[in-house]
Amino acid sequence: MWIALIPALAWGSIGLISGKLGGNANQQTLGMTWGALLFAIVMTVVAPGNFLANNNWQLWVAGILSGLFWSLGQNQQFHAMKAVGISKTVPISTGAQLVTNALAGIFLFHEWTTTRQLSLGSLALVILVVGAVLTALRDKSATGSEQNEDWKKGTSALVLSTAGYLGYTVVVNLLKVDAQAMVLPQALGMVAGASMFALGKDAFKKESFKNIITGLVWGTGNLCMFQATAMIGLAVSFSLSQTGIVISTFGSILLLGEHKTKKEMVYVTVGSLMVIIGGVMLGLLK
């Protein structure tokens, strides 16, 4: 059971690790994909059976497309973190991903068919939206905390990030490929997409190479997610992975010094809990 908590720990730490390692959003994305590719190569060499058994054109198309979409999602999430801070970006991004993926499940894949699924699912979506809005609320009496926030840039980045992450999951479901088998093609797509974003923007700097660590952490979470799903099912493992927003949200406040007033801390705490609750409810409907 403990292995199901590793994705939450790994993915929840990505913003904190990249924040500490430094670099701009393009360098962080590129370095992260290098680390993910290194992890994918090692994983394929150590356990090639699943990849070889499922190796076909659909696997490569789905993997590369999924990786390209992922690079858009992660790159723009890093841009949003720079614009409005990690503690606001992650809960909003998590909530938006859960909502859009749930809607894709309803309209594209017809996943909600019973009255229970429709009623509980709709309630979960409302909880997610309210929770995400709460995390972004400001304390109007504290003007100093708003000086470094660029919500125009942050909002556009969050919209693009959500679209990228949606494509990252939808492609895999549409082409019906084995998610574990496509780790290598997906990582190649991730590197290709990140390289396009970083082209001509100081890509090969030390910050990019330092962020390979971020990619290795992401890859560890990805592998453990596959193992946890096989052991305890997608619903529970998916739900537990959403608790990572606690690490990223409060870690950015405590470790990276993102300022919050007492009122804003209440907003962030309640909002983050609501996003987790909504995510768990959606996970249990899968």
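Hydrogens, waters and symmetry mates are skipped; everything else that's a heavy atom, side chains included, is used. Owing to the predicted nature of the structure, the values given are computational and were not obtained by experimental measurement.
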[X] (side chain) donor-acceptor with [Y] (main chain) under 3.5 angstrom:
X	Y	result
Asn211	Thr214	no
Ser208	Ala203	yes
Thr249	Val246	no
Ser156	Lys153	yes
Thr155	Lys152	no

For the residue pair [X] and [Y], what are the closest heavy atoms and their distance?
X	Y	value
Gly35	Leu216	O-CD2, 3.5 Å
Leu166	Thr100	CD1-O, 3.6 Å
Glu207	Leu21	CG-O, 4.4 Å
Ala104	Val170	CB-CG2, 4.0 Å
Gly131	Val275	C-CG2, 4.0 Å
Ser93	Ser161	OG-OG, 4.2 Å

Indicate, with yes or no, if [Y] and [X] share a hydrophobic cluster defined by side-chain heavy-atom contacts under 4.5 Å among Ile, Leu, Val, Met, Phe, Trp and Tyr.
X	Y	value
Ile41	Val217	no
Leu188	Leu175	yes
Val191	Val45	yes
Val61	Leu68	yes
Val90	Ile247	yes

Are [X] and [Y] side-chain neighbours, meaning at least one heavy-atom pair lies under 4.5 Å?
X	Y	answer
Val177	Val172	yes
Glu264	Leu137	no
Lys20	Leu256	yes
Leu72	Phe197	yes
Asn222	Trp11	yes
Trp112	Leu282	yes
Val268	Lys260	yes
Met32	Ile14	yes

Gap between atom [atom2] of [Y] and atom [atom1] of [X] - 0.5 Å precision:
X	Y	atom1	atom2	value
Ile212	Leu38	CD1	CG	7.5 Å
Cys224	Leu9	SG	CG	9.5 Å
Ile86	Lys88	CD1	NZ	13.5 Å
Asn54	Leu59	CG	CG	6.5 Å
Leu98	Ile127	CG	CD1	12.0 Å
Met190	Phe69	CE	CZ	14.5 Å

side-chain hydrogen bond (donor to acceptor under 3.5 Å, both in side chains) against [X], all qualifying residues, sequence neighbours excluded:
X	answer
Asn56	none
Asn55	Trp60
Glu258	Ser87

Restricting to side chain to side chain contact (heavy atoms under 4.5 Å, CB included), what partner residues turn up for [X], sequence neighbours left out?
X	answer
Ala187	Leu37, Ala40
Leu103	Val99, Ile106, Phe107, Leu125
Ser119	none

Nonpolar side-chain network containing Leu254, other nodes, edges under 4.5 Å: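 When side chains under 4.5 Å apart are linked, Leu254 ends up in no cluster with other residues.
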Please go through Ile92's hydrophobic cluster and name the other residues, only I, L, V, M, F, W, Y counting, with side-chain heavy atoms under 4.5 Å joining them.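 ILVMFWY cluster around Ile92 also holds Val84, Trp151, Leu158.
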Of all pairs that satisfy ring pair (Phe, Tyr, Trp, His ring centres under 6.0 Å), the ones with a partner from residues 20-52, not counting sequence neighbours: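 Every ring pair (Phe, Tyr, Trp, His ring centres under 6.0 Å) pair that includes a residue of residues 20-52, provided the two are not neighbours, is Trp34-Phe204, Trp34-Phe209.
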Looking at Tyr165, Tyr168, Trp218, which one forms a side chain to side chain donor-acceptor pair (under 3.5 Å) with Gln74?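 Among Tyr165, Tyr168, Trp218, the one meeting side chain to side chain donor-acceptor pair (under 3.5 Å) with Gln74 is Tyr165.
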Which atom pairs, one a donor and one an acceptor, fall under 3.5 Å between side chains of residues 22-31 and the rest of the protein, sequence neighbours left out?
unit_1: Asn24; atom_1: OD1; unit_2: Asn26; atom_2: N; d: 3.1
unit_1: Asn24; atom_1: OD1; unit_2: Gln27; atom_2: N; d: 2.7
unit_1: Asn26; atom_1: OD1; unit_2: Asn75; atom_2: ND2; d: 2.9
unit_1: Gln27; atom_1: OE1; unit_2: Asn24; atom_2: N; d: 3.0
unit_1: Gln27; atom_1: NE2; unit_2: Asp202; atom_2: O; d: 2.7
unit_1: Gln28; atom_1: NE2; unit_2: Ser18; atom_2: O; d: 3.1
unit_1: Thr29; atom_1: OG1; unit_2: Ala25; atom_2: O; d: 2.8
unit_1: Thr29; atom_1: OG1; unit_2: Asn75; atom_2: ND2; d: 3.4

Show every side-chain hydrogen bond (donor to acceptor under 3.5 Å, both in side chains) that has at least one partner inside residues 125-137, sequence neighbours left out. none
Name all pairs fulfilling the side-chain hydrogen bond (donor to acceptor under 3.5 Å, both in side chains) condition that reach into residues 184-194, sequence neighbours left out, sorted by first residue then second. Ser66-Gln186
Test side chain to side chain contact (heavy atoms under 4.5 Å, CB included) on Leu223 and Met43 and set out the steps. CA-CA 9 Å; Leu223 175 62; Met43 183 177 168; 3.5 Å; yes
Are there more than 12 heavy atoms of other residues, nucleotides or ligands under 6.0 Å from atom NZ of Lys210?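 Check passes, neighbour count above 12.
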